[in-house]
Every structure is written in C-alpha cells, then in structure tokens.
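Letters A, B, ... mirror the listed sequences (proteins, then strands); counts begin at 1.
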2 protein chains.
Amino acid sequence: MQSQSKPHRTYQALRDQLAERIQNGVYSEYQKLPSERLLAEELDTTRLTLRDALFQLEIEGKVFRMDRRGWFISGRRLVFDPYLDKGFMTNVHEQGMTPDTKLLKLEEIKASSTLAKALKLAPGAGVYHLQRQRFINKRPVLVEDIYLDQSRFPGLRHTDINGSLSLVLKEVYSVSVAYSHIEITPVVFNALHAKQLQVSPGTPATLITRTSFDSQGLVVEYDKEYWVADILKIELATQSK
Amino acid sequence: MQSQSKPHRTYQALRDQLAERIQNGVYSEYQKLPSERLLAEELDTTRLTLRDALFQLEIEGKVFRMDRRGWFISGRRLVFDPYLDKGFMTNVHEQGMTPDTKLLKLEEIKASSTLAKALKLAPGAGVYHLQRQRFINKRPVLVEDIYLDQSRFPGLRHTDINGSLSLVLKEVYSVSVAYSHIEITPVVFNALHAKQLQVSPGTPATLITRTSFDSQGLVVEYDKEYWVADILKIELATQSK
DNA sequence: AAGTGGTCTAGACCACGTC
DNA sequence: ACGTGGTCTAGACCACTTG
C-alpha cells in the first residue's frame with residue numbers, strides 16, 4: 001500500500017521496513033546483506049534511496065559497512081562505562097568477547113603546540129607517539145593515537161606494548177593512573193583511519209579523548225580513540241549525591 | 001588544484017574545504033549558509049555532492065539543519081557531565097546560555113511491559129507521561145519523555161512543571177534523587193520528534209536515557225531525552241581510583 | 001573476469017517556508 | 001508567488017573485492 005500512495009519520503013519507510021526485519025531477526029548478527037542492487041530490486045526501490053535508508057541505520061548503529069565489501073548487521077555492543085574506564089582488554093574480556101591489539105606505529109616526535117598543551121609540556125618537547133589498532137572478535141573496532149612524555153618513559157620503544165599499556169607503565173615505570181578527563185564526541189573517519197579499519201571514509205565514529213593523570217596531577221598519557229560507532233554503548237551510574 | 005585532478009571522492013574534499021572555512025571563521029556561529037544551489041555553484045559542484053559533504057559535517061556537529069529552512073553553522077556546545085548530571089536549567093545557566101522549557105504533554109497512561117520494567121512496576125500500572133521541549137538561546141534542542149509512578153506523585157498534573165522537575169518532586173513530594181543510571185546512544189530523529197524540534201527527520205540525535213533512584217533504591221523517574229547531536233559535548237572526570 | 005560499493009551527473013517534482 | 005530544501009529517477013564510470 002505504501003508503495004502505491006507515493007509518500008514523499010520513501011527512504012524513511014524503507015528504513016522502518018529494514019529496521020523491522022533486523023528487529024525480527026530476519027537477518028542475523030554480522031550477516032552480510034544482499035548487494036545494494038539486489039536489495040533495491042527486492043524492496044522495489046532504487047539504489048540511491050536504499051542507500052539513504054541504510055545510512056540512517058548506520059548512524060543508529062543497526063548496520064555497519066566494510067569498505068567495498070558491503071553492509072552487515074551489527075552485533076552486540078560493548079558496554080563502556082567512562083567512569084569506571086577499565087582497560088580495553090579487561091573490559092572486552094569481561095563481556096565475553098575476544099580482544100586483540102596490533103601496534104601500528106611507535107615513533108618519537110616533537111610536541112606540536114596543541115599536543116604540548118595537552119601533555120603540559122613545552123612545545124617541541126620529545127613525545128612518544130603510539131598508534132594501535134584494536135579488535136573485538138577479529139573485527140577491527142578502533143584506532144588510537146597515544147602520546148606520552150618521552151623523558152618520563154625512557155626506553156619505552158623497546159618494550160612489548162601489545163597488551164595493556166597501563167600495565168607496562170605501572171610495572172616498568174611505577175607510574176599509575178589516578179584519574180582522567182574524558183571527552184566523547186561524534187566524528188567521521190578520515191581517509192587514513194578508515195583505511196586502517198577497513199571502513200568507508202565518512203563512516204560515523206565515536207572519538208574518546210582521554211587525559212590521564214597520576215596521583216600528583218602529572219599527565220601520564222594523552223589518548224585519542226576512534227571507535228566505529230556501532231560497537232559502543234555508553235552506560236554509567238552516578239554515585240549517591 | 002584538487003578540483004582539476006578529478007579525485008574519486010570529491011565530496012570529501014568539499015567537506016574539508018567547508019570545514020576549513022568554518023574553522024577560519026568565514027562563517028559565524030548560527031549563520032545561515034547560502035542556498036544549496038548557490039553554494040554548489042560557487043564551489044563548482046552539484047547539489048547532491050554538496051549535500052553529501054554537508055551530511056558529513058552534520059554528523060560531526062559542525063553544521064545543523066532546520067527543516068526546510070536551510071543549513072546553519074553550529075555554535076558553542078553545551079558541556080554535559082553525565083556523572084555530575086546537573087539539571088538542564090542549572091547546567092545551561094552556568095554556561096552562560098539561556099534555557100527554556102515548554103510542556104508539550106501531560107497524560108496518564110497505563111504502563112506497557114517495557115515501561116513497567118523500567119519503572120519497576122506491574123504492567124498496566126498508572127503512569128504519568130510528561131513530554132517537554134527544551135530550548136537553549138531560543139533554539140529547540142531536545143524533546144524528552146518522562147515517566148513517573150502515578151501512585152507516588154498524586155496530583156502532579158496540577159503542579160507547575162515548566163522549570164526543574166526534580167525541584168518539584170523534592171519540595172512537593174519530598175522525594176529526591178540519590179543516583180541514576182544513564183545510557184547514551186546515537187539515534188536519528190523520527191518524524192514526530194523532528195517536527196517538534198523543527199529539524200529534518202533523519203537528523204542525528206543523541207539519546208540520553210536516565211533512570212533515577214531515591215536513596216532507598218526506588219525508581220523516581222524514567223526519562224528519555226532526544227538531543228540534537230550538534231549541541232552536546234560529553235565531558236567528565238573520573239575520580240581517583 | 002565479474003560484480004560490488006563508492007561516487008557522480010543532470011535532471012525532475014513537491015511541500016513547505018519566506019516574503 | 002517564489003525559492004528552498006527534501007526526495008527521487010535513471011542512468012554512468014571506476015576502483016576495488018571476490019571468486
């Protein structure tokens with residue numbers, strides 16, 4: 001009926017139709033959808049209109065794309081409590097999923113003015129830049145850039161940091177995080193990060209920026225995590241006031 | 001230069017170009033952009049490609065739309081600390097902006113099964129449903145649906161609740177919130193909410209779901225807030241561990 | 001080699017906001 | 001009344017993934 005009455009927003013109706021299919025389990029988690037051309041034909045619409053509907057669902061995190069590979073049904077989300085802020089490895093494990101980490105880059109750079117400000121250093125100071133990619137159940141879900149005061153962690157580059165960085169900092173350098181500032185912002189992946197995560201550029205992402213301090217208020221690390229938006233669920237409890 | 005080499009992703013370049021303009025203050029906060037047709041011509045592209053670029057910036061919250069009115073440059077964001085979770089009125093005031101509230105609906109309903117679960121009531125129990133629209137500097141920025149146990153707040157409908165609801169609950173019913181559970185999820189506005197906020201359906205939104213408890217662990221209210229995504233900035237600090 | 005997703009073209013119509 | 005944004009059509013080409 002709705003296809004005959006020519007409503008002036010077909011793609012919203014399409015979105016609802018697809019959302020319902022997902023809700024009803026017509027497609028299962030991580031299943032690949034039929035090709036856009038096929039699906040469009042099946043749903044009696046054009047490719048462009050179908051894509052509009054899929055983009056809506058992508059923003060909501062109900063489907064996700066892998067670049068040039070197609071559309072997939074999103075799976076269970078990882079619950080992230082920014083207040084507790086457990087490490088990635090721990091958090092993923094506790095929720096019955098399998099975490100993995102791959103070091104993409106470890107370099108020594110000079111602090112730009114923004115970076116210096118974040119780390120409370122002088123501009124030009126030596127800084128470690130780590131770039132890591134992290135996986136949940138083999139799916140790449142984030143890339144992160146970590147910046148550390150080089151003078152504070154000498155020889156860091158000769159250390160194995162494929163697991164928990166905070167563990168390394170604690171055991172090797174006796175530095176532990178007391179508290180941190182966290183910011184959560186919606187962004188889209190740029191070309192580089194998109195390629196690393198095998199998603200399309202322009203895919204919605206959640207940026208978590210974290211500045212960690214030790215008990216004396218010194219900056220331990222400055223961290224920018226770019227998450228694929230569909231995997232994350234932010235959930236927290238305030239304490240009694 | 002880049003416009004002559006025909007790269008295979010023009011809209012990303014466009015996005016960058018526009019983002020740069022915004023960054024450099026070519027447009028000022030809340031300024032309306034030229035019409036899509038004009039802007040497309042100026043930037044030597046088609047309307048559709050321009051829109052793709054604008055959608056990217058919309059997801060990032062750098063521009064926002066008002067339905068059928070056009071595209072606008074986003075302004076300063078409201079910082080929201082889910083852990084402190086001050087009330088809307090207080091929070092907006094403290095950041096030097098002007099809050100407003102409009103009651104859209106106040107009705108008595110029977111709890112659906114999901115609602116009953118959230119409020120820890122029996123299905124079919126009497127529930128107040130409040131719907132409010134809230135403004136920052138006259139711009140509508142959220143609609144919220146609030147649900148309360150009717151038996152616990154008799155006569156609520158005869159009370160003025162255009163300001164702070166928690167204040168009313170405290171002063172009239174001696175009930176105050178001790179802690180709450182908060183969930184933050186990206187969604188898109190449905191047709192109804194979009195209309196109420198004068199945004200286009202499908203606009204990115206941030207859904208904040210809050211369940212508030214009193215000191216005895218009883219549910220005080222269950223609240224779903226749909227925010228225009230560009231206005232919010234989530235920021236918090238963890239306490240010392 | 002074939003098919004796919006990503007991108008783009010060059011239009012069109014309509015409902016709505018604005019004047 | 002006019003122009004705008006929202007939506008849709010009917011194609012096309014290319015780079016890339018997949019078989």
Indicate, with a heavy-atom threshold strictly under 4.0 Å, whether R65(A) touches base, sugar-phosphate, or nothing. sugar-phosphate

Strictly under 6.0 Å, is that where the ring centroids of F72(B) and Y30(B) end up? no

Exercise answer: donor-acceptor pairs, residues 98-106 of chain B side-chain atoms, under 3.5 Å, sequence neighbours excluded:
residue : atom : partner : partner atom : Å
T101(B) : OG1  : R134(B) : NE           : 3.1
T101(B) : OG1  : R134(B) : NH2          : 3.1
T101(B) : OG1  : N162(B) : O            : 3.4

Please state how far atom CZ in F72(B) lies from atom P in dG17(C), giving the value in whole angstrom units. 13 Å

Here's a test of your reading of the structure: between R69(B) and R37(A), which maps to the more 5' nucleotide of DNA chain D? R69(B)

Can we say E42(B) and R21(B) salt-bridge, meaning some charged N sits less than 4.0 Å from an Asp/Glu carboxylate O? yes

Using whole Å, report how far NZ of K32(A) lies from C1' of dG19(D). 13 Å

Value in whole Å for how far the P atom of dC8(C) lies from CG of D52(B): 7 Å

Walking DNA chain D from its 5' end, the first of L33(B) and L48(B) to be reached, judged by nearest nucleotide, is L33(B)

On DNA chain C, nearest-nucleotide positions of F55(A) versus T45(B): which is more 5'? F55(A)

Do NZ/NE/NH1/NH2 and the carboxylate oxygens of R76(A) and E29(A) come within less than 4.0 Å? no

Please report, rounded to the nearest Å, how far the C1' atom of dG5(D) is from the CG atom of L50(B). 12 Å

If you assign each of T46(B) and L38(A) to its closest nucleotide in DNA chain C, which residue comes earlier from the 5' end? L38(A)

Provide, to the nearest angstrom, the distance between the CZ atom belonging to R68(A) and the P atom belonging to dT4(C). 14 Å

Once you round it to whole Å, what is the distance between C1' of dA10(D) and CZ of R51(A)? 16 Å

May I have the distance from Y11(B) (atom OH) to dT9(C) (atom P), rounded to whole angstrom? 14 Å

What nucleic acid atoms does R47(B) come within less than 4.0 Å of, heavy atoms only: base, sugar-phosphate, or nothing? base

Residue-phosphate contact under 4.0 Å: S35(A) side-chain N/O, dG3(C) OP1/OP2: no

Does S200(B) place a side-chain N or O at less than 4.0 Å from the phosphate oxygens OP1/OP2 of dG5(D)? no

Is there a donor-acceptor pair closer than 3.5 Å between any side-chain N or O of Q196(A) and the backbone N or O of V143(A)? no

Whole Å only: how far is the CD atom of Q198(B) from the P atom of dT18(C)? 8 Å

